[in-house]
Amino acid sequence: MDKPLTSKHILIVEDEAVFRSVLAGFVSSLGATYTEAVNGLDALELVEDHPPDLILCDLAMPEMGGIEFVENLRLQGIKIPVLVISATDKMTDVATMLRLGVEDVLLKPINDLQRLRDALLTILYPKLFSSDVLQKSDLMNDWEALCRNPNEAARLLQELQPPVQQTLAGCRINYRQLTMAENAGLVLDIAALSSKDLGFYCLDVTRAKENGVLAALLLRAIFNGLLRDHLSNQHQRLPQMSTLLKQVNQVFKQARLEGQFPLLLGYYHAEQKNLILVSAGLHANVNTGNNQIQLSNGVPLGTTGSTFSNQISQRCDAFQCQVWGAGGRLRLMLSNE
């Protein structure tokens with residue numbers, strides 16, 4: 001295929017005129033048409049007027065940067081694939097973009113345009129150029145480096161912990177580690193999926209030693225994307241969290257992470273006021289004010305080839321969830337505003 005992108009339209013969001021011109025010339029040489037934007041604000045208007053098949057996006061731009069731009073897209077339910085091309089040296093920015101569901105992140109300068117071509121083909125023709133979940137969300141190709149350097153992996157995981165208080169999807173959220181910080185082995189992450197719903201998880205990283213930390217980093221990169229994809233297949237129905245748990249287990253197998261991974265997955269829909277929790281290896285006690293529910297722990301991921309979990313579903317305006325296992329204990333609190 002001399003022009004494999006014929007019939008495809010690409011939006012290039014880049015404030016550097018020279019590099020924007022290079023990208024435009026390259027995608028044009030592959031047969032694609034294109035439009036250009038110098039920042040996220042301009043790009044949002046172009047997406048509304050002429051939705052592209054793919055977006056090439058920088059991170060650092062005036063008016064509106066790449067992170068805010070993609071956040072706006074996702075909150076509007078726009079699932080156009082995004083390929084980030086950036087000169088960032090901040091791993092936290094990369095992790096944020098992966099959590100927002102971007103397809104890949106390439107670092108400037110791009111000395112080998114073949115790599116860009118491969119990324120474009122993989123994204124636009126996924127059935128022809130398939131790759132597994134780990135390859136798509138490989139933490140900027142640093143996965144092997146993190147595996148070799150457990151101290152760096154642990155430091156990175158610590159940097160990526162969410163704030164103890166925040167507002168997401170119209171809900172006030174805070175959490176507390178109920179174990180001494182130096183002994184805490186429960187990793188919590190929570191993020192909005194849209195303006196109406198959010199997902200979260202708690203992973204005990206102590207049962208698999210270094211692999212526990214690597215599993216937490218991998219889960220952080222792919223969890224929101226897995227849940228969004230699952231919800232899109234549910235056609236407005238609430239998620240089957242046990243199905244999602246099986247997907248996570250499969251990702252850990254693909255990454256060849258051995259050990260036991262006690263995990264709690266959660267989902268809350270602010271409009272329907274519906275909380276769903278599923279556990280594979282962690283205890284949870286949920287207090288909604290009117291009801292107090294005990295969720296038994298189930299079997300940690302990695303223990304057997306299959307998943308054995310327990311699930312609860314509850315309608316509530318607010319809840320407190322206390323989670324505990326060998327790695328410690330924490331409390332998550334949510335109030336629907």
Side-chain angles (χ1 to χ4, degrees), residues 1-40 42-61 65-67 69-74 78-88 93-143 221-222 224-226 228-229 232 254:
M1 295 188 294
D2 293 332
K3 293 187 178 294
L5 302 189
T6 299
S7 80
K8 300 296 184 182
H9 181 74
I10 295 176
L11 171 59
I12 301 169
V13 191
E14 169 63 63
D15 63 319
E16 294 181 10
V18 173
F19 189 60
R20 190 170 66 247
S21 178
V22 170
L23 292 176
F26 183 68
V27 300
S28 180
S29 73
L30 296 175
T33 59
Y34 62 89
T35 48
E36 302 176 43
V38 297
N39 57 51
D42 292 346
L44 287 174
E45 293 183 7
L46 290 172
V47 168
E48 185 175 349
D49 294 340
H50 189 184
D53 297 292
L54 181 143
I55 299 171
L56 295 178
C57 181
D58 192 11
L59 286 183
M61 296 178 290
I67 292 176
F69 168 58
V70 177
E71 285 176 338
N72 272 275
L73 291 180
R74 299 316 184 218
I78 298 172
K79 298 180 180 179
I80 297 169
V82 177
L83 173 60
V84 173
I85 303 177
S86 174
T88 185
D93 287 347
V94 173
T96 298
M97 295 303 279
L98 289 171
R99 292 180 68 202
L100 289 170
V102 304
E103 303 301 312
D104 203 351
V105 182
L106 303 182
L107 287 180
K108 297 177 182 176
I110 298 179
N111 298 318
D112 182 6
L113 289 177
Q114 180 64 37
R115 187 181 175 202
L116 175 58
R117 182 181 185 275
D118 291 344
L120 292 170
L121 291 174
T122 298
I123 295 167
L124 290 169
Y125 301 101
K127 292 182 180 179
L128 294 176
F129 301 91
S130 61
S131 60
D132 61 27
V133 174
L134 177 59
Q135 289 172 327
K136 288 177 64 178
S137 303
D138 62 359
L139 295 173
M140 273 298 297
N141 296 318
D142 280 346
W143 180 252
I222 57 93
N224 289 2
L226 285 178
R228 282 196 183 95
D229 289 346
S232 67
Q254 290 176 353

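FYI, the numbering just counts along the sequence from 1.
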So [Y] and [X], do their side chains get closer than 4.5 Å, heavy atoms only?
| X | Y | value |
| --- | --- | --- |
| Ile10 | Pro52 | no |
| His9 | Thr33 | yes |
| Leu106 | Val84 | no |
| Leu5 | Leu121 | yes |
| Leu73 | Val47 | yes |
| Leu56 | Leu11 | no |
| Thr88 | Val94 | yes |

Donor-acceptor contacts, no H, no angles, side chain residues 12-20, under 3.5 Å, sequence neighbours left out:
unit_1, atom_1, unit_2, atom_2, d
Glu14, OE1, Lys108, NZ, 2.9
Glu14, OE2, Glu16, N, 2.9
Glu14, OE2, Lys108, NZ, 3.4
Arg20, NE, Glu36, OE1, 2.8
Arg20, NH1, Glu14, O, 2.8

Any donor-acceptor N or O pair under 3.5 Å, side chains Thr35, His50: no
side-chain contact (heavy atoms from CB on, under 4.5 Å) between Leu30 and Lys3, intermediate numbers included: CA-CA 4 Å; Leu30 296 175; Lys3 293 187 178 294; 5.9 Å; no
Pairwise distance CG(Leu23) to CG(Leu116) - rounded to 0.5 angstrom: 6.5 Å
Going from CG on Leu107 to OG on Ser86, what distance comes out if it is rounded to the nearest 0.5 angstrom? 7.0 Å
Using every non-hydrogen atom in the two residues, find where [X] and [Y] come nearest and quote the distance to one decimal.
| X | Y | value |
| --- | --- | --- |
| Val27 | Ala24 | CG2-O, 3.4 Å |
| Phe69 | Gly40 | CD1-O, 3.6 Å |
| Leu113 | Phe26 | O-CZ, 3.5 Å |
| Arg74 | Gly101 | NH2-O, 3.7 Å |

Is it true that a side-chain atom of [X] and a backbone atom of [Y] form a donor plus acceptor pair closer than 3.5 Å?
| X | Y | answer |
| --- | --- | --- |
| Ser28 | Gly25 | no |
| Lys8 | Gly31 | no |
| Arg228 | Ser232 | no |

Hey, mind stepping through Val102 and Leu83 against side-chain contact (heavy atoms from CB on, under 4.5 Å) and telling me if it holds? CA-CA 6 Å; Val102 304; Leu83 173 60; over 6 Å; no
The criterion is side-chain contact (heavy atoms from CB on, under 4.5 Å); which residues satisfy it with Thr96, sequence neighbours excluded? Ile67, Leu100
Residues two or more places apart in sequence or in another chain: which of them pass side-chain contact (heavy atoms from CB on, under 4.5 Å) with Asp42? Ala37, Val38, Asn39
Here's a test for you: under side chain to side chain contact (heavy atoms under 4.5 Å, CB included), which of Val82, Ile78, Leu59, Ile80 qualifies with Val70? Val82
Tell me if the CD atom of Glu48 is crowded by more than 12 foreign heavy atoms within 6.0 Å. no
